[in-house]
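This structure is a prediction, so every number in the text was calculated from the model and none was measured.
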Amino acid sequence: MPGSEPVTAQAAIEKSSALVTHAKRALAIADVIKQATALGQGTSLIAFEGTMWENRRVDEQLPSVAANPLRISRVAVPGEHEPVALNLFNVTDHELLVRVSVESLTNGVVVTPHRSVGVPTSLGEVSWDALPELDETATLLIPSLASRELWLDVDLAAAKPGEHQLKLKLQALNGAGVLDAPTHPHTVPPPETGVEISLQVLPFVMAASGDFRLCTWAAPEEANLPDLLAHGNNVFTTSLPEVKYDAQGKLTGSDFTRLDPVLARLRGRDVVLLLQGYPPLHGEVGSDGYCADLKTFLAELVAHMTGAGFDTNHFALYPSDEPGGIGWSAVNQLVAFGRQVRAAAPGVMLYMDGGGELPMFEAMATCMDIWTPSIYMLAEKTPLMDVVRRNGKMLWSYNCAYTYARPVGPNLKNMNIASDYRSAALFALRHGATGIGYWCYNIGPDPWGRIDLEYALVYPGRTKPVTSRRWEAVREGIEDYRIVAALQKALLANGGAKLPAEARDRIKHLFAAGLPGLLDQSFTEMTRGLGRTTIDASSNDSTVETFRREMMECVAALAGEKLK
C-alpha cells in the first residue's frame, strides 16, 4: 500500500505469497484428482516416487502423473540395501487407512516397509526424518488430500544376480465405495493401488566391508549392535581393562571383566575397537617403573585381545579425545605416552581425532597410526594435512561440525542430506581417506522432541533403535564407496589392461568427471558460506542419481551387460 509502514507492506506481501502458493496447490490437487478419476471410479490412493534425500515437506508432495500400477526400475549389486521412497497421496475427502502387503519374495530379496514420521526440529520446523518400521498391522493413516511416505528397505545381502520383480499391494481399507455402500452385511473389497518394482541386480563384488571404516562413537550394546553393523558401523569405542596393583604397589595384571562381553559380542567380525583413556599406571610417564608396567600391561592386553580374535590391526588405543582442541598439555601428554607405547609394544596402534595447530600434528606424527581429522579437512592442501598424509597407517575422518547446515550449527534433522550424509563416504574416497565418523549414534537428548542438539542418527524405540533418513543415507554412501573402490581396484590392476575398453573408459570418466561433479561444487559453495537454496541446487536427489547411474554403467560394462 502506498505510504504504509515497511512492516505492514512486508506482511501484505507475505500474505499474498501464501495465498498464491495455496491457490497453486489447489490447482495441482484438482489435476491429480482428475487423473485419479480416469483410473477408475473407486480410485482412492495414488502412489508415486517421492524425494528420497529430503526431510522437508514430504507431506506436501504431489504426483505429477497418476498411474496404477506404479512401475519403478532400479539397478543394484549383490550385498546392497536399495531404498525406495514411495509417496502415497489420498485423493478422497476423508482419512484413509491403508494396508501394505508385499508379495512373496524369492532369490534372497528381503523387503522391510517403513513409514516416515514428522518430528519437530530445533528451529521449530517439521522434519520427516524418523523411519519406524510398519507394525504388525502393516497399516498407515493418510489424511485427506495429503501425502504420507512409505519407505521400502530392499535388502540384497543374499540376492542373486539377475532380474527381480517386487510387487506391492496397497489397500485403502476405508476407501471410496467401502463405507458408503449399502448398510446390510456384505463384503466390499477395498480399492487397491499396485506398485511394481523391476530390480536388475548386476554380477559384481563390492570391496569388503572392512575396507571402509565408520565410527559413530556408539557402544556395541546388544540392542543396538544389529542395526549398527547393518549400516556399516565397524569401529566401536569401549573402555580399557582395569589395572590391578597389590598392597605393595606392584602391578598384578588386568581385569577384563567389563571388556570381555564386548569382545564376545564382536568376535569374528571385521571391526576395530578403540580403547579409550590412559591406563591408570603408577608413576610418571617415562619413569623406569611406568615403562616397565606399561610393557607388562600392553603385553597382557595384546595377548588377551589376540586370544579373543582381535589382532593389533583391529584395536587401537584412544588416549584423549580431540587433544589438539584441548591444547598443548593434552598433546604433550599424548606424545609422551605414544612414544612409550612405541618402545614397549611397537605393533599397538594409537588413534587421534580432531584438529589443532601444525606443530601439534608434527609432534603427534612421531607416534600416531590412525589420524581422524574433520572430514572437511580432507580436501585441504596444507602443511598440516601433508604431515597427516606422510605419517601413520590409516586416514579416517569424522563430522561434528555439520557446516552444510543452514544456519550453521547442530540443527541437523532438515539439513542437506545429500551432501553431509549421502555423499560423505565418496568425499572421503575422493580425498584419500578410508573412513568417516559422525557424532553421534544415540547420545544426547531425546530426538523425538524439539531439542537444540540434533546429533543423534537414530531414534529410541521400545526394543530397538528407529532408523532415520540420515542414517539410511550414510549406509547408501558407504555402499557406493565399496562399489567405486572395487572399480578403482580393477582399473589400477595392470593399468586396466585386462578390462574391456568400454569399461576402462567409463571408469576413468567416473573418476575424472563423475565423482568431482557430484562433490566439488556443493563443497565449494558450503565453504564459501553460500545459502541453502544454492547448495540444494547442486546437491540433491538428481545429482546423486546421476552419479549412481554412471557408476552402474561402469559395473555393467565390467560385467558385459547392459542396463535396463
Side-chain angles (χ1 to χ4, degrees), residues 50-58 83 85 121-123 125 127-129 131 212 214-216 231-232 373-380 396-433 435-440 454-457 467-484 510-511 513-551:
T51 52
M52 183 169 293
W53 307 120
E54 175 59 76
N55 277 340
R56 299 172 297 176
R57 295 183 290 278
V58 169
T121 75
S122 64
L123 302 177
E125 301 170 336
S127 174
W128 296 89
D129 184 52
L131 297 172
F212 190 79
L214 170 65
C215 178
T216 59
H231 284 80
S374 164
I375 190 169
Y376 308 119
M377 292 173 65
L378 296 179
E380 296 176 359
W396 300 346
S397 64
Y398 84 112
N399 198 346
C400 190
Y402 301 96
T403 52
Y404 275 97
R406 294 292 183 271
V408 173
N411 49 296
L412 309 181
K413 291 178 183 175
N414 271 350
M415 73 179 305
N416 186 289
I417 295 174
S419 294
D420 237 336
Y421 295 97
R422 181 62 178 80
S423 300
L426 292 171
F427 186 87
L429 182 145
R430 173 149 170 71
H431 297 290
I436 57 175
Y438 291 93
W439 180 265
C440 58
E454 298 176 340
Y455 292 118
L457 283 161
T467 191
S468 70
R469 196 184 309 264
R470 292 171 294 132
W471 189 220
E472 295 305 304
V474 173
R475 172 162 61 187
E476 290 303 300
I478 291 173
E479 290 174 351
D480 281 358
Y481 176 103
R482 293 173 59 194
I483 295 171
V484 175
L510 182 75
F511 281 94
L515 194 62
L518 173 69
L519 304 170
D520 292 1
Q521 182 175 340
S522 65
F523 180 73
T524 299
E525 292 164 350
M526 179 274 289
T527 54
R528 291 178 177 174
L530 300 185
R532 176 69 188 267
T533 54
T534 302
I535 295 173
D536 285 351
S538 58
S539 187
N540 51 52
D541 275 30
S542 178
T543 57
V544 170
E545 180 54 35
T546 297
F547 173 81
R548 186 165 169 87
R549 179 73 184 185
E550 182 176 358
M551 179 181 71

Original post:
Under the side-chain contact (heavy atoms from CB on, under 4.5 Å) test, which residues partner T121, sequence neighbours left out?
Top reply: L123, E125, S127, K413, N414, E454
**OP:** Without swapping roles, check the side chain of S397 against the backbone of G435 for a donor-acceptor pair under 3.5 Å.
**Re:** yes
Subject >> Approximate separation, where rounding is to 0.5 Å, of D536 CG and T543 OG1 >> reply: 10.0 Å
Original post:
Rounded to the nearest 0.5 Å, how far apart are CG of D480 and OG of S423?
Top reply: 8.5 Å
**OP:** Go through the steps for T216 and W471 under the test side chain to side chain contact (heavy atoms under 4.5 Å, CB included), then give the verdict.
**Re:** CA-CA 11 Å; T216 59; W471 189 220; 4.0 Å; yes
**OP:** Hey, could you give me the CD1/CD1 distance between I483 and I478, rounded to the nearest 0.5 Å?
**Re:** 12.5 Å
Subject >> 4.5 Å side-chain heavy-atom contact, L429 and F511 >> reply: yes
Original post:
When rounded to the nearest 0.5 angstrom, what is the spacing between CG in N55 and CG in L412?
Top reply: 11.0 Å
Subject >> Test salt bridge (Lys or Arg N to Asp or Glu O under 4.0 Å) applied to R549 - qualifying residues, sequence neighbours left out >> reply: E553
**OP:** Compare every heavy atom of C400 with every heavy atom of Y455, then report the nearest pair and how far apart it is.
**Re:** CE2-O, 4.0 Å
**OP:** Identify the heavy atoms of I436 and A428 that sit nearest to each other, and give their distance.
**Re:** CG2-CB, 3.9 Å
**OP:** Quick one: pull up NE2 in H231 and CD in E476 and give me the separation to the nearest 0.5 Å.
**Re:** 9.0 Å
Subject >> Residue pairs passing the salt bridge (Lys or Arg N to Asp or Glu O under 4.0 Å) test where at least one lies in residues 514-524, sequence neighbours excluded >> reply: R430-D520
Original post:
Taking atom CZ of R528 and atom CD of E525, what is their separation to the nearest 0.5 Å?
Top reply: 8.5 Å
Subject >> Partner residues of T403 under the side-chain hydrogen bond (donor to acceptor under 3.5 Å, both in side chains) criterion, sequence neighbours left out >> reply: none
Original post:
So do V58 and R469 actually touch side chain to side chain, heavy atoms under 4.5 Å?
Top reply: yes
**OP:** Using side-chain contact (heavy atoms from CB on, under 4.5 Å) as the criterion, list what pairs up with N399, not counting sequence neighbours.
**Re:** I375, Y376, A401, Y402, D420, Y438
Original post:
Is D541 reaching over with its side chain to a backbone N or O of M52, donor-acceptor style, under 3.5 angstrom?
Top reply: yes
Original post:
Can you say whether the rings of F523 and H431 are parallel (under 30°), tilted (30 to 60°) or perpendicular (over 60°)?
Top reply: tilted
Original post:
What residues, two or more places apart in sequence or in another chain, satisfy side-chain hydrogen bond (donor to acceptor under 3.5 Å, both in side chains) together with S539?
Top reply: S419
**OP:** Could you list the residues that satisfy side-chain contact (heavy atoms from CB on, under 4.5 Å) with A473, not counting sequence neighbours?
**Re:** W53, I417, Y421, R422
Subject >> Over all atoms of both residues, closest heavy-atom pair of L519 and S522 >> reply: O-OG, 3.4 Å
Subject >> Partners meeting ring-ring contact (aromatic ring centres under 6.0 Å, His included) with Y404 (sequence neighbours left out) >> reply: none
Subject >> Side chain S468, main chain L457, donor-acceptor under 3.5 Å >> reply: yes
**OP:** Check whether any side-chain heavy atom of L426 lies under 4.5 Å from a side-chain heavy atom of F547, and answer yes or no.
**Re:** yes
**OP:** Keeping to residues at least two apart or across chains, list the salt bridge (Lys or Arg N to Asp or Glu O under 4.0 Å) pairs with something in residues 396-405.
**Re:** none
Original post:
Taking only residues two or more places apart in sequence or in another chain, which ones pass side-chain contact (heavy atoms from CB on, under 4.5 Å) with E54?
Top reply: T51, R56, R532
Original post:
Which pair of heavy atoms, one from A425 and one from F212, lies closest together, and at what distance?
Top reply: CB-CZ, 3.6 Å
Original post:
Who passes side-chain hydrogen bond (donor to acceptor under 3.5 Å, both in side chains) against T467, sequence neighbours left out?
Top reply: E472
Original post:
salt bridge (Lys or Arg N to Asp or Glu O under 4.0 Å) with R406: which residues, sequence neighbours excluded?
Top reply: none
